[in-house]
Chemist: 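Starting off with a structure, shown below.
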Amino acid sequence: MKKLRVGVLISGRGSNLKALIDATNIENYPAEIVYVISNNPNALGLNHAKEFNIPYHVIDHKKYANREEFDRAMHQKLIEAGVEFICLAGFMRLLTPWFVSQWPNKIINIHPSLLPSFKGSDSHKQAIEAGVRISGCTIHFVSAEMDSGPIILQAVVPVYQDDTEKTLAARVLLKEHESYPFALKLIALGKVEIKSSKVFVGD
Ligand code: GRF
């Protein structure tokens, strides 16, 4: 079976990267992680790449004059590594329209809220402040605007009255780890189609 060659971009802890690695290590999973890039030299998630012998590279955004130069450096590395598809997993940089246009419908992201609610890095705080009774995670194709693009899959958790950002984040994270590998699998199997900016999932 020809597996989809995936590059994962991270900035931090990398628990979603680990969930993806674990899934790709299961026999017959239709994708493989061939490259990991972190913009943060100290990202803990790099340890997962090391542990599983996945080639990785640090591209420190602080060393680039602007976003596009940084994105061009990433693009070159991804192409050199033969990457066909990109998963953002806690990647804390906004991608430029240039980068997104180089990878049309080939970048997905996971966000810890039910989009389009609660975009940004404090989604759990926003959910608690809004008093919503459910939250969850969203896996979506990436467009040039932050936390936007056609939604592939969402998973839901309850929000309890005594939840803190921490307890809610932990509950959502468990769903993230199940959902991200599942969404990638659907894509790698060719079951996901975008029509008029909406995702349709086939059998
Ligand atoms: C996750 O909650 C993800 O949804 C968000 O950033 C967090 C990254 O966590 N985009 P990790 O680095 O995968 O552990």
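Every number for a ligand or one of its atoms is a count from 1 in the order of the listing. In this text, all values refer to a predicted model and were calculated from it rather than measured experimentally. Just so you know, these numbers use all the heavy atoms, side chains as well, and skip hydrogens, waters and symmetry mates.
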Chemist: Distances under 3.5 Å, N/O of ligand 1 against N/O of the protein: list each pair and its distance.
Modeler:
{"from": "ligand 1", "atom 1": "2 (O)", "to": "Glu176", "atom 2": "OE1", "distance (Å)": "3.2"}
{"from": "ligand 1", "atom 1": "2 (O)", "to": "Glu176", "atom 2": "OE2", "distance (Å)": "3.0"}
{"from": "ligand 1", "atom 1": "4 (O)", "to": "Ile110", "atom 2": "O", "distance (Å)": "3.4"}
{"from": "ligand 1", "atom 1": "4 (O)", "to": "Glu176", "atom 2": "OE1", "distance (Å)": "2.6"}
{"from": "ligand 1", "atom 1": "4 (O)", "to": "Glu176", "atom 2": "OE2", "distance (Å)": "3.4"}
{"from": "ligand 1", "atom 1": "9 (O)", "to": "Arg13", "atom 2": "NH2", "distance (Å)": "3.0"}
{"from": "ligand 1", "atom 1": "10 (N)", "to": "Ile110", "atom 2": "O", "distance (Å)": "3.0"}
{"from": "ligand 1", "atom 1": "12 (O)", "to": "Gly14", "atom 2": "N", "distance (Å)": "2.8"}
{"from": "ligand 1", "atom 1": "13 (O)", "to": "Ser15", "atom 2": "N", "distance (Å)": "3.3"}
{"from": "ligand 1", "atom 1": "13 (O)", "to": "Asn16", "atom 2": "N", "distance (Å)": "2.9"}
{"from": "ligand 1", "atom 1": "13 (O)", "to": "Asn16", "atom 2": "ND2", "distance (Å)": "3.0"}
{"from": "ligand 1", "atom 1": "14 (O)", "to": "Arg13", "atom 2": "NE", "distance (Å)": "2.6"}
{"from": "ligand 1", "atom 1": "14 (O)", "to": "Arg13", "atom 2": "NH2", "distance (Å)": "3.1"}
{"from": "ligand 1", "atom 1": "14 (O)", "to": "Ser15", "atom 2": "N", "distance (Å)": "2.8"}
{"from": "ligand 1", "atom 1": "14 (O)", "to": "Ser15", "atom 2": "OG", "distance (Å)": "2.5"}

Chemist: Distance from His75 atom NE2 to Trp103 atom CH2, nearest 0.5 Å?
Modeler: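 Result: 6.0 Å between the selected atoms.
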Chemist: For Lys2, which residues count as a salt bridge (Lys or Arg N to Asp or Glu O under 4.0 Å) partner, sequence neighbours excluded?
Modeler: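 Partners of Lys2 under the salt bridge (Lys or Arg N to Asp or Glu O under 4.0 Å) test: Glu84.
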Chemist: Donor-acceptor pairs under 3.5 angstrom involving side-chain atoms of residues 131-138: please list them, not counting sequence neighbours.
Modeler:
{"from": "Thr138", "atom 1": "OG1", "to": "Ser113", "atom 2": "O", "distance (Å)": "2.6"}
{"from": "Thr138", "atom 1": "OG1", "to": "Leu115", "atom 2": "N", "distance (Å)": "3.0"}
{"from": "Thr138", "atom 1": "OG1", "to": "Gln154", "atom 2": "NE2", "distance (Å)": "2.9"}

Chemist: Does Lys106 make a cation-pi contact with Phe85 (under 6.0 Å, within 45 degrees of the axis)?
Modeler: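 Lys106 over Phe85 ring: no.
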Chemist: If the threshold is 4.0 Å, N to carboxylate O, is there a salt bridge linking Glu80 and Lys77?
Modeler: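 Yes.
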Chemist: Which residues, ordered by chain and number, are linked to Met146 in its hydrophobic cluster, where ILVMFWY side chains connect at heavy-atom gaps below 4.5 Å, directly or through other members?
Modeler: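 Met146 shares its hydrophobic cluster with Leu94.
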